[in-house]
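Positions are given from 1, in the same order as the sequence printed here.
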Amino acid sequence: MKLGIVGTGNVGCATALAAACRGNVREITLVNRTSKVAEAVATDIRYGIPLGRRLDIRHGDYEALEGCGVVLITSGVNEKKGGATDRSDPQGRLRLLEKNVAIYRDIVPRIVRAAPDAVLVAVSDPPDPLADIARMAAGHDRVLSTGTFLDSLRFRVHLGAHFGADPADVEAQVIGDHGTSQVFLWSSARIAGVPVSVLLRERGENLDQLSKKIENEVRYANITIIEGHDASQYGIGVVSARIAEMILRDEQSAIPIGSYQREFGATLSLPSIIGRAGILRVLQPDLSAEERAGLLRSAENLRSALERVARGCV
């Protein structure tokens, strides 16, 4: 029940706070390039621990990750600093790959030496190709990306708001990459089991208009947040903490999450069952022809990014 978080920037801090508040791990270890920063964050959060469930939060070097069941990697250049906040840029988060590949190649071997049995989760943007970089550097397949789990939650929130329903009762997923070519599964979206298409027909509304509006809101939610608050951190912090819980507690939960898909030659998100060993099973959703084509495009974008890395362009 020991969680490691590498990187104590905005996202790392939000993740640590979320994990501490949820209280479903017994120990959190923070590692940062500047140890004093990790120490300060651990100390700050520690003062609030008496108000929640008992856990220990510590800082240290990579050796302190020994015994971790999960290590969340949040290190790297973020979207604002990396210039990935232009809605018209088709690369989106992939623009950060050049800057963050070198960071992952440096830190992942250190993590693996300290915690060889841990499941690694790439949280930094762009998480999907960085998970592939981490997988190659780690020498094992227990590597995930946070993928489209957060995008799927955003999809559910916006659908719930439109139909006046609790997002917890909305079944809707985004698959593919956590980026501009992500795929929204409208064909299987439901509220309390009722297809969204049926609800729209009852209201006399048009799916094309709604899908364009909601997809734009979800796809560029990070930029909207950054425009108002400099960093998109709290949603991904809660999501990352929840993923860690699912793995550490062997919950066998089914969520859309990124893992290496041999069929597509890249890490991308599909609904999957996750537990202590990482991905236990990948589920294959029924897709419309349009959704299937979108998934293929998403995979191609990710493969192209990895090919640029392999050619030394990144």
Side-chain angles (χ1 to χ4, degrees), residues 87-94 126-129 131-132 144-163 165 167 169-222 254-274 279-307:
R87 290 176 175 81
S88 64
D89 182 2
Q91 284 197 68
R93 295 175 179 88
L94 290 175
D128 303 308
D132 283 312
L144 314 179
S145 81
T146 48
T148 59
F149 188 19
L150 176 57
D151 304 284
S152 297
L153 295 175
R154 289 169 172 168
F155 189 19
R156 290 166 55 185
V157 166
H158 283 285
L159 280 173
H162 183 80
F163 289 103
D169 297 320
V170 177
E171 306 158 36
Q173 297 188 88
V174 179
I175 63 172
D177 77 309
H178 176 58
T180 58
S181 60
Q182 59 191 207
V183 182
F184 294 74
L185 300 189
W186 287 96
S187 67
S188 56
R190 286 168 166 72
I191 296 179
V194 181
V196 164
S197 58
V198 171
L199 295 173
L200 286 171
R201 190 162 55 247
E202 291 175 350
R203 293 160 62 112
E205 295 178 344
N206 183 280
L207 176 59
D208 289 340
Q209 291 178 346
L210 179 63
S211 63
K212 183 177 181 180
K213 177 178 180 292
I214 288 183
E215 288 187 20
N216 188 68
E217 290 172 335
V218 172
R219 188 172 279 118
Y220 302 112
N222 60 313
I255 60 170
I257 192 169
S259 65
Y260 182 70
Q261 303 298 326
R262 196 172 302 278
E263 174 188 356
F264 297 102
T267 290
L268 52 76
S269 288
L270 289 170
S272 305
I273 298 173
I274 66 170
I279 296 294
L280 305 181
R281 181 184 174 190
V282 177
L283 307 175
Q284 300 297 331
D286 287 332
L287 304 177
S288 68
E290 183 178 358
E291 291 164 352
R292 178 69 182 178
L295 182 58
L296 293 174
R297 287 193 298 272
S298 185
E300 175 59 30
N301 284 348
L302 292 168
R303 285 196 305 272
S304 296
L306 289 171
E307 287 166 4

Backbone of Val174 reached by a side-chain donor or acceptor of Thr148 within 3.5 Å
yes
N-O pairing of Glu217 and Lys213 below 4.0 Å:
yes
Over 12 non-hydrogen atoms of neighbours within 6.0 angstrom of CZ in Arg281:
no
Where do Ala266 and Tyr260 come nearest, in terms of heavy atoms and distance?
N-CE1, 3.5 Å
Any donor-acceptor pair under 3.5 Å linking the side chain of Arg303 with the backbone of Phe264?
yes
Take a 6.0 Å sphere around CD of Glu300 and say whether it holds more than 12 heavy atoms from other residues, nucleotides or ligands.
yes
Is the backbone N or O of Pro167 less than 3.5 Å from a side-chain atom of Arg156, with the two atoms forming a donor-acceptor pair by type?
yes
Please name all residues satisfying side chain to side chain contact (heavy atoms under 4.5 Å, CB included) with Leu185, sequence neighbours left out, ordered by chain then number.
Gln173, Ile175, Val183, Ser188, Pro285, Leu287, Glu291
Gap between atom CG of Leu144 and atom CG of Asp128 - 0.5 Å precision
11.0 Å
Are Arg292 and Arg297 side-chain neighbours, meaning at least one heavy-atom pair lies under 4.5 Å?
no
Go through it in stages, so that I can follow the logic: the residues are Ile257 and Ile274, the test is side chain to side chain contact (heavy atoms under 4.5 Å, CB included), and I'd like the CA-CA distance, side-chain angles, deciding distance and then a yes or no.
CA-CA 9 Å; Ile257 192 169; Ile274 66 170; 3.9 Å; yes
Answer whether the closest heavy-atom distance between the side chains of Phe163 and Leu210 falls below 4.5 Å.
yes
Test your reading of the model: is there a side-chain donor-acceptor pair from Gln182 to the backbone of Gly179, 3.5 Å cut-off?
yes
Would you say Ser259 and Gln261 are linked by a side-chain donor-acceptor pair, where the criterion is simply a distance under 3.5 Å?
yes
Polar side-chain atom of Ser272 near backbone of Ile279 as donor-acceptor pair, under 3.5 Å:
no
Can a donor-acceptor pair be found, under 3.5 Å and without considering hydrogens, that links the side chain of Asp132 to the backbone of Thr267?
yes
